[in-house]
Amino acid sequence: MTILAEWNIEEAERVYGVSRWGGGYFQIGENGNVHITPDPKNPGVRIDFKAVIDEIHEEGVQLPVVVRFHDILRSQVANLNTIFADTIKEAEYQGEYQGVYPVKVNQMREVVEEIVDAGQPFNYGLEAGSKAELLTVLAMNTNEDSLTILNGYKDAEFMQLALLGRKLGRKVVVVVEKYSELLLLVRVSKELGVEPIIGVRAKMTVKGRGKWESSGGERAKFGLTIAEIIKTARYLDEQGMSHCLKLLHFHIGSQLTDIRAVKEAISEGARIYAELHKMGFKLDYVDVGGGLGIDYDGSNSTNESSRNYSMQEYVSDVVYGMKEVCDLEGVPHPNLVSESGRAITAHHSCVVTEIVGEIRSNSAEIATQAEEGEHVFVKNIRELEDTFDEQINMQEVYNDASQWKEQALDAFKLRVLSLEELGKIETMYWRIMTRLKAHYANAEYVPEELQELDYSLSSQYLANFSVFQSAADTWAIDQLLPVVPLTRMHEKPEVNCSLVDITCDSDGKIDQFTIGREITDVIPMHSLRKDESYYVGLFLTGAYQDVMGDMHNLFGRLNEVHIFSYDDDPQDFYIEEVVKGSSVEDVLNIMQYNPKAMASDVKRLIDRHVASGNMNPREGVRWTDFYENCLSGYTYLKTSS
Ligand SMILES: *Cc1c(COP(=O)(O)O)cnc(C)c1O
C-alpha cells in the first residue's frame with residue numbers, strides 16, 4: 001500500500017474509503033474530521049464528529065462510548081420501505097410489502113423503539129426468535145396492521161404467548177420450524193379456542209454464499225422439507241384449519257455476498273408458493289427472510305465482508321423474481337415480507353475510543369559503544385551497522401543480523417553473554433532493520449523475508465476498548481470493520497500500526513484493515529501528540545456486534561450516547577440520552593461476587609492496620625473511600641481528557 005507524497009482530503013478518502021463503506025452517512029470533512037449526514041436526502045444537516053466528542057466530554061461521559069445516531073436508523077427503515085413500495089409500483093406488482101425487523105440483530109430498547117416508530121407509516125413489524133424476544137415484541141409492536149413473526153424453536157408456553165397476541169388483535173404469525181411444532185400449535189390453539197396464523201419455513205436447497213451458508217441446504221438446522229410442508233398443509237386441512245396457513249418463509253443466511261443466491265432462493269420459494277396455491281392452500285404472504293448484506297470493506301464485491309449488490313438491486317430481484325414466477329403459474333402475487341436486520345441497524349452505531357499508548361519493538365535503545373573484552377557477537381553486529389552504507393547485498397545484511405541476534409539469545413541462555421550485551425545487540429539489530437526498511441521503501445522488488453519487516457517494525461496503538469465487547473465479529477469470524485481516525489485526516493498519516501485493546505488477551509487486537517481497496521495488516525494513523533487525544537472510530541457496529549459483547553476481563557458494556565439531529569442547533573445535533581455502561585460492581589455482581597461484602601472486607605483489613613499503628617487514620621479513610629469509588633466506577637481506563 002503506497003501513500004502518495006501529496007496528501008489531501010481526496011487522498012484520505014482513497015486510503016480510508018469512508019464514502020465507499022459509509023452508505024451515504026459518513027464523509028471526511030474539509031477540516032479532516034469525520035462528518036455525519038444522518039439523512040442523505042437532507043445534506044444541510046451535517047454533524048462534525050469532533051463536536052459530538054466535545055459534547056460527550058462536557059456531559060462528563062468517559063470513553064470508550066457507543067454513539068448511536070437515531071436518525072440513521074430512521075433513514076434505513078424509510079429507505080427499505082420506500083424502495084420496496086416504489087419497486088412494487090413500478091413492477092405493477094399486486095401485493096404489498098410488509099417487512100419486519102428481527103430484534104435479535106439489536107434488541108436494545110431504544111433501538112427497537114426507534115425502528116417501530118419510524119416504521120409506523122409503513123406498517124413495519126417485528127420478528128422474534130426466542131421466548132424473551134417474543135415477550136418483548138408483544139409489548140413493543142402495538143400496531144394492529146403490522147406483522148409479528150415468530151421464528152425459532154418453540155414450546156407450549158411460546159405458543160400460548162403467540163395466541164395471547166392473537167387475542168389482543170395482533171397479526172402474530174407462528175412459523176413452524178419443524179413438524180412436531182405444528183401438532184403442538186394445533187393442540188394449544190384448540191385448547192385455548194384461539195385461531196393461529198400459521199407460517200411454514202421451507203428448508204431450501206439453495207445455499208447462501210458467505211459465512212452463513214449453512215442456514216440453507218439439506219443439513220440446515222431449521223425448516224421443513226417439501227414432504228413435510230405437504231404433510232403440514234394436509235394435516236391442517238384435516239383439522240379444518242387450512243385457512244390458517246398464511247405464510248411461506250425461507251431464510252438462506254445472513255450477509256449474502258452474492259446476488260445470485262438471492263435470485264435462486266426467490267425462484268425456488270416462488271415455485272413452492274405457487275404449487276401450494278394450486279393445491280388449494282391460498283397463502284397471503286411470502287417471507288424472504290434476512291440476508292441483505294452490508295459493504296463493510298467498501299469493495300462492493302463478493303468478499304465475505306462485502307456484497308455485490310445494492311439495496312435497490314436486492315429489492316428488484318425479490319419483487320420482479322416473485323412476479324415472474326407467479327405470472328407464469330397464473331397465481332396471485334403474494335404480499336412480500338422481508339426480515340432484514342443487519343441492513344437496518346449496522347450503520348447507526350459506532351464505537352469511539354482513544355489511543356492510550358504506542359507499543360514498538362524498537363522503542364528503547366541503550367548505548368552501544370565498543371568495550372574492552374566484549375563478546376564477538378556484539379562486535380560483529382556493530383561492524384555490520386557501521387558499514388551499512390557500503391553493503392551491496394542487503395539480503396545478506398538481513399540474514400547476518402538475524403542470525404547473530406538468534407545466536408546471541410542462545411549464548412545468553414548458556415550464560416556466555418551478559419544481559420547488557422544482549423541489550424546492545426537488540427538495539428543495533430532494530431536500527432539495522434529500520435535502515436533496511438528505509439532502503440526498500442521505494443524498491444520494486446522486495447525479498448520475501450523482508451516483506452515482513454513492515455509489520456514487525458510497525459507500531460501497535462493501544463486503544464481503550466475490548467475487542468470482545470465491541471467488535472466480537474472481527475475476533476470470532478474475521479469480519480472486517482471500518483476503523484478510522486476521527487480527526488486529523490487532512491494531515492498525512494505517518495505511522496503504520498495495528499490496534500490492540502486493553503484486555504489481557506493476545507487475541508484482543510485488530511490487524512485486518514481495508515486500506516485503498518487492499519486488505520492490509522496495518523493501518524496508517526497519525527503520530528501521537530503530547531497532551532492531545534487521538535480518537536479512533538469503529539464503524540458499522542450496530543448489527544449483532546452491539547449486543548454480542550461479553551464479560552472477557554470483566555470490562556462489560558460501554559457508556560452510550562444517543563444522538564438526534566436538529567437543524568436549528570448550531571452543531572446540527574443534541575445528545576438525547578446517556579446510558580451508563582457497566583460499573584465494576586455491575587460486572588462483579590453478574591459473576592456472583594458481592595461487592596458490598598468485598599468493600600467491608602477490605603475496610604476491615606485497613607482498620608486492622610490503623611489499629612496496629614501501621615497506617616494513620618486519615619490515610620485509612622482515604623484508602624477505604626478510594627476502593628469503594630473504584631467499585632462504583634467505569635471498568636475501562638480513565639484517560640485524562
Ligand atoms: C438472523 C435472522 C434474520 C436477520 O438476518 P439479517 O441478515 O441480519 O438481515 C432474519 N430472519 C431469520 C429467520 C434469522 O434467523
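As the structure lists them, so they are numbered: ligands from 1, and atoms in each ligand from 1.
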Tabulate below the donor-acceptor pairs under 3.5 Å that side-chain atoms of residues 166-176 make, not counting sequence neighbours, or state none.
unit_1, atom_1, unit_2, atom_2, d
Arg166, NE, Glu195, O, 3.3
Arg166, NH1, Arg170, O, 2.8
Arg170, NH1, Leu138, O, 2.9
Arg170, NH1, Asn141, O, 3.0
Arg170, NH2, Leu138, O, 3.4

Derivation of the ring pair (Phe, Tyr, Trp, His ring centres under 6.0 Å) call for His70 and His348 | CA-CA 7 Å; His70 282 242; His348 91 281; 7.2 Å; no

Applying side chain to side chain donor-acceptor pair (under 3.5 Å) to Tyr314 and not counting sequence neighbours gives none

Between Asn303 and Ser306 (side chain of the first, backbone of the second, donor and acceptor by atom type, cut-off under 3.5 Å), is there such a pair? no

If we ignore angles and hydrogens, is there a donor and acceptor under 3.5 Å between the side chains of His277 and Glu275?
no

Below 3.5 Å only, please: the N or O atoms of ligand 1 paired with protein N or O atoms, distance on each line.
unit_1, atom_1, unit_2, atom_2, d
ligand 1, 7 (O), Ser254, OG, 2.6
ligand 1, 7 (O), Gly291, N, 2.9
ligand 1, 8 (O), Arg342, N, 2.9
ligand 1, 8 (O), Tyr544, OH, 2.7
ligand 1, 9 (O), Gly291, N, 3.3
ligand 1, 9 (O), Glu339, O, 3.4
ligand 1, 9 (O), Gly341, N, 2.8
ligand 1, 11 (N), Glu339, OE1, 2.5
ligand 1, 15 (O), Lys104, NZ, 2.6

By side chain to side chain contact (heavy atoms under 4.5 Å, CB included), Arg187 pairs with (sequence neighbours left out) Leu184, Glu191

